[in-house]
Amino acid sequence: MRIAIDILIGISVFFAFAGTVGLLRMPDAFSRMQSSTNIATMGVLGVIIGGVLYAIFILHDSAMAIKLAAMGVFYIITNPIAGHAIAKGAYKHGVRPKDPMCVDKYGEDLVDE
Amino acid sequence: MKKASISSIISTALLCFVFWLLITGELAALIKGEPSVQVLAAGAVVSILVACFSARFFIHERAFYLLNPKRFFTLLFYAVIIFPIELIKANLDVAFRALNPKLPIKPGIVKVPVDLKSEYAQSMLANSITLTPGTITVDMAEEDGQLNYYIHWIDVKSQEPKEAGDAIKGTLENWVRRIWE
């Protein structure tokens, strides 16, 4: 069981690493956000699932396991809403990539309104 | 703003109470068979008060909809099996894109038609898309009776609304429709 927990945490460390590299390398704000969802999903979920298993099988602490699972659920529910709000706010505020995007249907439709 | 009905207040209060149990750690005490009456009573009062004020923002159509076991288990199946598979595929894709020395990205905002009626279904699909790495729902708007999502996509494979929709939504839309409609 200890090995399974370590593998889960290792996977999430890999994804968090990839997300951070993406965050530094991506050319514009929106692509950076895409890369950071990498950390936000697999990076966090792996650690939380690993933590729940650790609490159940090694610490034998069910209250801690339940709290961790509740944290995971809240994380999954709230994270996309924040991401959506940031993306929309950035676009409405006038943030645009330096190299024009290959297609921008949202900008075209906003002009019509 | 729609008005809150009694059923929506009850279901919001139930949900608040479940989260109270989870966060105060009372659920573990209940399982052991030694619940503290004070904590339970305080939780009940607080969740009913909160529900009275916030039910109209939270649940305003068909409050006991998910109590239908078939729908509930479909939701559970979606949340535990279907969605994580999509999530892992998309995660690997974006992770290797970021680590690739050539950085093969082609960002753009595409317009995708969506045929879902229920508000819950619409927001659930939008949030599922945002949570998947590589796609972010920027906005949703109705045009001539057809609901459209504007989705920022890191690797635009198609600019046609229909094809882009099939590539992004995959099977998710059908599952969401099965849960809520």
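Predicted model, so just to flag it, every value in this text is computed and none were measured. In what follows, every chain begins at residue 1, and chains take the letters A, B, ... in the order their sequences are listed.
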| field | Verdict with reasoning, Y91(A) to Y150(B), per ring pair (Phe, Tyr, Trp, His ring centres under 6.0 Å) | value | CA-CA 12 Å; Y91(A) 199 97; Y150(B) 295 95; 9.3 Å; no
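For a residue to count as touching a neighbouring chain, one of its non-hydrogen atoms must lie under 4.5 Å from one of that chain's; by this rule N100(B) touches chain A with the backbone only. Only the side chain of I105(B) comes within contact range of chain A, judged by heavy atoms closer than 4.5 Å. Proximity to chain B is absent for every atom of L24(A), based on heavy atoms less than 4.5 angstrom apart. Using a 4.5 Å cut-off between heavy atoms, F30(A) touches chain B through backbone and side chain atoms alike. There is no contact between M71(A) and chain B, counting heavy-atom distances below 4.5 Å. Interface remark: T135(B) contributes backbone atoms only to the contact with chain A (heavy atom separation under 4.5 Å).
In this structure, R178(B) contributes its side chain and R71(B) its backbone to no donor-acceptor pair below 3.5 Å. Checked by atom type and distance alone, the side chain of H84(A) pairs as donor or acceptor with a backbone atom of T137(B) at under 3.5 Å. Remark: side-chain polar atoms of W153(B) are not paired, donor with acceptor, to backbone N or O of K106(B) under 3.5 angstrom.
Looking at heavy atoms from C-beta onward, I58(A) lies in side-chain contact with I5(A) at the 4.5 angstrom threshold. Side-chain atoms of F77(B) and W175(B), non-hydrogen and from C-beta on, do get closer than 4.5 Å to each other. With contacts defined as side-chain heavy-atom distances shorter than 4.5 Å, the pair V112(B)/N148(B) does not qualify. With contacts defined as side-chain heavy-atom distances shorter than 4.5 Å, the pair H152(B)/P107(B) qualifies. Under the 4.5 Å side-chain criterion, counting only non-hydrogen atoms from C-beta, F72(B) is not in contact with I179(B).
In terms of heavy atoms, S54(B) sits closest to T12(B) at OG-CG2, 4.4 Å.
Among P84(B), S123(B), A98(B), A79(B), the residue with the largest count of heavy-atom pairs under 4.5 Å with chain A is A98(B). Between chain B and the residues P80(A), G22(A), G43(A), A18(A), the largest count of heavy-atom pairs under 4.5 Å involves P80(A). If you tally non-hydrogen atom pairs under 4.5 Å between each of T130(B), V110(B), T132(B), L131(B) and chain A, the highest count goes to L131(B).
Within 6.0 Å of CZ on F17(A) lie no more than 12 heavy atoms contributed by other residues, nucleotides or ligands. Atom CD1 of I3(A) is surrounded by 12 or fewer heavy atoms from other residues, nucleotides or ligands within 6.0 Å.
Tested against M26(A) for a side chain to side chain contact (heavy atoms under 4.5 Å, CB included), the candidates R32(A), Q34(A), M33(A) yield a single pass: R32(A).
Side-chain contact, S31(A) with D28(A): a donor N or O sits under 3.5 Å from an acceptor N or O.
Scanning residues 86-94 of chain B against chain A with a 4.5 Å heavy-atom cutoff picks out L87(B), I88(B), N91(B), L92(B), V94(B), ordered by number. For residues 40-51 of chain B, heavy-atom neighbours of chain A at less than 4.5 Å comprise no residues at all.
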